[in-house]
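Contents: one structure, followed by commentary.
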Amino acid sequence: MALEDVLRAGNYHLIDVREPLELEMDGHIEEAQNIPLGELEDRKQEILNLNGMKIFFCRSGNRSGKAVEYFKSEGMTDVYNGGGYNDLKAALENL
């Protein structure tokens with residue numbers, strides 16, 4: 001499923017796995033929750049408690065891909081790699 005299709009379906013949460021300094025330098029998406037990649041395991045329950053699709057993103061899509069792989073290995077199916085920040089931002093603006 002394409003990113004635009006996931007966004008149009010609604011009922012999703014945006015999770016930015018970049019470090020806080022990256023958000024300050026590069027910008028952020030207002031409705032996104034920042035949970036750096038290194039904190040995902042410790043904050044797993046927080047993410048499990050979210051209803052709907054969990055769309056992870058980072059600067060390029062690499063770290064968000066690792067986040068998706070981790071949660072899939074934990075049995076979650078409602079996770080999606082939203083790719084890089086700029087691509088996700090553009091997709092949201094074009095809805």
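Index from 1, following the sequence.
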Residues that [X] engages under side-chain contact (heavy atoms from CB on, under 4.5 Å), provided they are two or more places apart:
X   : result
D5  : M1, A2, R8
H13 : L50
N62 : S60, K66
E22 : R18, E19, D26, R59, R63

With side chains defined as the heavy atoms from C-beta onward, is the minimum distance between [X] and [Y] less than 4.5 Å?
X   : Y   : result
N94 : E4  : no
M76 : L48 : yes
I55 : I15 : no

N34 side-chain N/O to D16 backbone N/O, donor-acceptor pair under 3.5 Å: yes

Y80 (side chain) donor-acceptor with L3 (main chain) under 3.5 angstrom: yes

Locate the shortest heavy-atom distance separating [X] from [Y]; write the atom from each residue and the value.
X   : Y   : answer
P36 : P20 : CG-CD, 3.9 Å
N81 : V68 : N-CG2, 3.5 Å
L7  : A91 : CD1-CB, 3.8 Å
L40 : A67 : CD1-CB, 3.4 Å

Test log, rule side-chain contact (heavy atoms from CB on, under 4.5 Å), inputs K54 and D78: CA-CA 6 Å; K54 289 87 171 153; D78 56 351; 2.7 Å; yes

Partners passing side-chain hydrogen bond (donor to acceptor under 3.5 Å, both in side chains) against E39 (at least two apart in sequence or in another chain): R43

D42: side-chain hydrogen bond (donor to acceptor under 3.5 Å, both in side chains) partners, not counting sequence neighbours: none

Applying salt bridge (charged side-chain N to carboxylate O under 4.0 Å, His left out), name anything that partners [X], two or more places apart in sequence or on another chain.
X   : answer
K44 : E74
E69 : none
D87 : none

Ring pair (Phe, Tyr, Trp, His ring centres under 6.0 Å) partners of residues 52-73, not counting sequence neighbours, each pair once: F56-F71

Pairs where residues 19-48 contributes a residue and the test ring pair (Phe, Tyr, Trp, His ring centres under 6.0 Å) is met, not counting sequence neighbours: none

Residues that, via side-chain heavy atoms closer than 4.5 angstrom, fall in one hydrophobic cluster with M25: L21

E41, CD atom: more than 12 neighbouring heavy atoms under 6.0 Å: no

ILVMFWY network linking M53 to I29, side-chain heavy atoms under 4.5 angstrom: yes

Common cluster, I47/L37, ILVMFWY with side-chain heavy-atom separation under 4.5 Å: yes

Pairwise distance CG(L14) to NZ(K89) - rounded to 0.5 angstrom: 13.5 Å

